[in-house]
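When a ligand or atom number is given, it counts from 1 through the structure's own listing order.
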Amino acid sequence: MPATVIDGKELGQTLRGDMTKEVSQLKEQGITPHLTVIIVGDDPASKSYVNGKKKATAQTGIASDVIEMPSSTSEAELLEKINDLNHEESVHGILVQLPLPDHINEQTVIETISPHKDVDGFHPINIGNMMAGNDTFLPCTPYGIIKMLHSYGIQIKGKHAVVIGRSNIVGKPVGQLLLNEHATVTYCHSRTHNLTDFTTSADILIAAVGKPNVIRAEHIKQGAAIIDVGINRQDDGSLTGDVDFASAAEKASYITPVPKGVGPMTITMLLQNTIKAAKGLSRFGR
Ligand code: NAD
């Protein structure tokens with residue numbers, strides 16, 4: 001039987017509907033959740049991601065502004081801007097769109113954002129809290145993946161989850177969150193030998209590689225849940241994931257499409273984190 005398709009767009013809309021109600025209640029209490037996004041340079045893909053975030057905040061009633069800085073901006077100028085926003089009481093969430101120009105150190109930038117305004121969940125303090133299983137800002141894509149698994153009733157506890165990819169923003173944290181939920185987790189990456197040996201025993205398979213068709217039917221255990229994080233642009237301009245959807249869907253129990261899978265959930269969890277920041281619910285208070 002073909003797999004159930006996990007509709008990230010629809011789930012994201014449902015969650016955003018609930019968030020819209022929560023935002024209007026917060027406004028009645030005099031709190032307007034506010035996200036500030038900083039973009040340095042004019043990379044078209046980054047601009048399009050920022051536009052998506054702006055649209056989503058407006059849809060839920062979250063205030064947002066975008067600070068555009070030229071690619072010639074020095075690291076010191078960017079850090080000064082972030083420090084100003086750290087002290088600006090009306091701003092609850094700060095997001096610096098990555099990647100940054102080569103002359104700016106991304107890690108320094110991430111560590112300059114106040115941990116209680118770090119709605120991307122990339123600050124080492126928030127990463128540490130995530131590892132310890134403490135309530136904190138979770139990185140949006142891994143958070144969205146866990147939300148999808150929960151919403152579709154896919155059991156995590158006791159299952160074997162295989163994560164392909166070990167980046168700091170997707171692979172490593174999603175494995176950690178699955179571990180926190182009592183999965184047995186295996187990480188695979190570019191130096192893994194015999195990938196199929198690992199993937200064919202996965203009950204939950206997360207592909208976060210960035211290469212089309214790296215996962216095909218022969219990699220998949222019958223009945224597995226497949227989460228395709230990859231976003232790859234094809235020659236005709238269309239998007240595809242890391243998984244060969246047609247063959248994988250014949251074997252899997254659940255599968256996410258690309259687009260309309262993980263992508264909309266990532267933005268949805270950014271909104272969730274912004275609301276959390278506005279409520280002063282980070283571990284640091286306000
Ligand atoms: P990355 O390039 O930082 O990491 C890719 C990982 O894949 C690396 O850890 C590498 O070891 C591993 N890898 C590369 N080739 C491999 C192979 N042949 N076999 C096994 N592992 C291999 O990328 P990232 O930032 O983690 O993003 C991964 C993909 O997810 C990209 O396509 C990116 O665009 C997409 N992405 C999507 C969202 C979303 O919201 N849907 C968010 C973030 C990233």
Enumerated ligand 1 atoms positioned under 4.0 Å from heavy atoms of G263: 40 (O), 41 (N)

At what distance is the nearest protein heavy atom to atom 24 (P) of ligand 1, and which residue and atom is it? S167 OG, 3.7 Å

Which heavy atom of the protein is the closest neighbour of atom 11 (O) of ligand 1, given with residue, atom name and distance? S190 N, 3.0 Å

Show me which atoms of ligand 1 lie under 4.0 Å from any heavy atom of T266. 39 (C), 40 (O)

Quick one: which of I145, I164, V229 has a heavy atom closest to atom 36 (N) of ligand 1? V229

Side chains of L178 and I206 in contact at under 4.5 Å (non-hydrogen atoms): yes

Hey, mind stepping through M148 and I227 against side chain to side chain contact (heavy atoms under 4.5 Å, CB included) and telling me if it holds? CA-CA 9 Å; M148 286 200 291; I227 307 292; 4.3 Å; yes

Tell me, do I145 and V174 make a side-chain contact under 4.5 Å, heavy atoms counted? yes

Does a donor on one side chain and an acceptor on the other come within less than 3.5 Å for N213 and D242? no

What residue and atom, counting heavy atoms only, is the protein's closest point to atom 42 (C) of ligand 1, and at what distance? T141 OG1, 3.3 Å

Can you name the nearest heavy-atom pair linking K172 to R166, along with the distance? CE-O, 3.3 Å

May I ask whether G230 places a heavy atom under 4.0 Å from ligand 1? yes

Can you list the steps and then say if I62 with I275 is a side chain to side chain contact (heavy atoms under 4.5 Å, CB included)? CA-CA 8 Å; I62 294 174; I275 294 169; 4.0 Å; yes

Is there a polar contact between ligand 1 and D242, counting only N or O atoms under 3.5 Å apart? no

Tell me, please: is A208 in heavy-atom contact with ligand 1, that is, under 4.0 Å? yes

Using a 4.0 Å cutoff against the non-hydrogen atoms of G210, which atoms of ligand 1 qualify? 29 (C), 31 (C), 32 (O)

Whether D7 side chain and K9 backbone form a donor-acceptor pair below 3.5 Å: yes

So V37 and D65, side chain to side chain contact (heavy atoms under 4.5 Å, CB included) or not? Walk me through it. CA-CA 6 Å; V37 179; D65 46 31; over 6 Å; no

Does M265 approach ligand 1 within less than 4.0 angstrom via side chain, backbone, both or neither, non-hydrogen atoms only? neither

Could you work out, for atom 17 (C) of ligand 1, the closest of V258, L195, V209 by heavy-atom distance? V209

N/O to N/O below 3.5 Å, does that happen between I231 and ligand 1? yes

Let me confirm one number: the CD-CG distance from Q13 to D18, rounded to the nearest 0.5 Å. 11.5 Å

How close does the nearest protein non-hydrogen atom get to atom 15 (N) of ligand 1, and which residue and atom is it? K211 NZ, 3.0 Å

Which part of I169 is near ligand 1, with near meaning a heavy atom under 4.0 Å away: side chain, backbone, both or neither? side chain

Is a side-chain donor or acceptor of D228 paired with a backbone partner of T256 at a separation under 3.5 angstrom? no

List every atom of ligand 1 that sits less than 4.0 Å from any heavy atom of V170, numbering the atoms from 1 in the order shown and giving each element. 26 (O), 43 (C), 44 (C)

Would you say that R233 contacts L239 through its side chain, given a criterion of any heavy-atom pair below 4.5 Å between the two side chains? yes

re atom 8 (C) of ligand 1, the protein heavy-atom contact at minimum distance is R166 N, 4.0 Å

Nearest protein heavy atom with distance in Å, relative to atom 19 (N) of ligand 1: H189 O, 4.0 Å

